[in-house]
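Down below is the structure, laid out as structure tokens.
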Amino acid sequence: QVQLAESGGGLVQAGGSLRLACVASGSIFSINTMAWYRQAPGKQRDLVAGITSGGITNYADSVKGRFTISRDTAKNTVYLQMNSLIPEDTAVYYCNVKGRRWGDLLSDNYWGQGTQVTVSS
């Protein structure tokens, strides 16, 4: 089994900051990509930011310059530092990991349960 433990969500005023963390544990052997997605009610689940095992990052246009994704490879942990938050950032944020379990040749896709981020005006 692979488990993703998320933390850091909550309620914050516009202009404030939050830091999300996601730790992958269990029978994980290697991780290719770690990412954060978000989904508002009635909306699509969209990629917010991703980071590869080589440290290559990408961001949604709506968060560029405000959010920073980082990782601690040794701890199988990904972070999302969210600054200058605006009400449009309000959503459930989901951790996603593409990785291989012990003995697997192909990567599998794993999801966290989601954590609520609410930004008030």
Side-chain angles (χ1 to χ4, degrees):
Q1 286 292 116
V2 175
Q3 296 84 38
L4 302 182
E6 300 166 324
S7 62
L11 174 65
V12 66
Q13 293 182 349
S17 298
L18 288 173
R19 187 187 189 225
L20 306 183
C22 173
V23 182
S25 62
S27 58
I28 194 73
F29 171 67
S30 65
I31 294 175
N32 182 21
T33 301
M34 305 187 81
W36 291 95
Y37 290 73
R38 68 186 182 187
Q39 185 172 26
K43 303 295 191 297
Q44 293 181 325
R45 184 176 296 187
D46 297 322
L47 176 69
V48 177
I51 185 167
T52 71
S53 60
I56 305 300
T57 61
N58 71 91
Y59 298 90
D61 289 341
S62 59
V63 307
K64 287 180 179 177
R66 300 188 297 118
F67 291 9
T68 302
I69 189 169
S70 61
R71 77 194 192 285
D72 186 331
T73 303
K75 297 180 179 179
N76 290 333
T77 301
V78 62
Y79 304 93
L80 185 67
Q81 180 66 48
M82 304 185 293
N83 298 326
S84 302
L85 285 161
I86 58 177
E88 289 75 15
D89 296 320
T90 296
V92 177
Y93 284 69
Y94 296 91
C95 180
N96 173 266
V97 171
K98 291 283 291 184
R100 291 186 290 150
R101 296 171 296 172
W102 294 99
D104 285 352
L105 295 178
L106 301 177
S107 295
D108 290 323
N109 196 38
Y110 304 98
W111 291 94
Q113 79 286 353
T115 184
Q116 178 71 47
V117 171
T118 302
V119 184
S120 62
S121 60

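Remember, it's a predicted structure, so these values are computed and weren't measured experimentally.
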Do any N or O atoms from the side chain of [X] and from the backbone of [Y] form a donor-acceptor pair under 3.5 angstrom?
{"X": "Asp72", "Y": "Val78", "answer": "no"}
{"X": "Thr115", "Y": "Tyr93", "answer": "no"}
{"X": "Arg101", "Y": "Ser27", "answer": "no"}
{"X": "Tyr59", "Y": "Ile69", "answer": "yes"}
{"X": "Arg71", "Y": "Ser53", "answer": "yes"}
{"X": "Thr77", "Y": "Val23", "answer": "no"}
{"X": "Glu6", "Y": "Gly114", "answer": "yes"}

Practice problem: Find the distance between OG (Ser62) and CD (Glu88) and round it off to the nearest 0.5 Å. | Solution: 9.5 Å

Do [X] and [Y] have side-chain heavy atoms sitting under 4.5 Å apart?
{"X": "Trp36", "Y": "Cys95", "value": "yes"}
{"X": "Val117", "Y": "Met82", "value": "yes"}
{"X": "Val97", "Y": "Asn76", "value": "no"}

Quiz item: Would you call the rings of Phe29 and Trp102 parallel, tilted or perpendicular if under 30° counts as parallel and over 60° as perpendicular?
Solution: tilted

Quiz item: How far apart are the closest heavy atoms of Leu18 and Gly8, and which atoms are they?
Solution: CD2-O, 3.8 Å

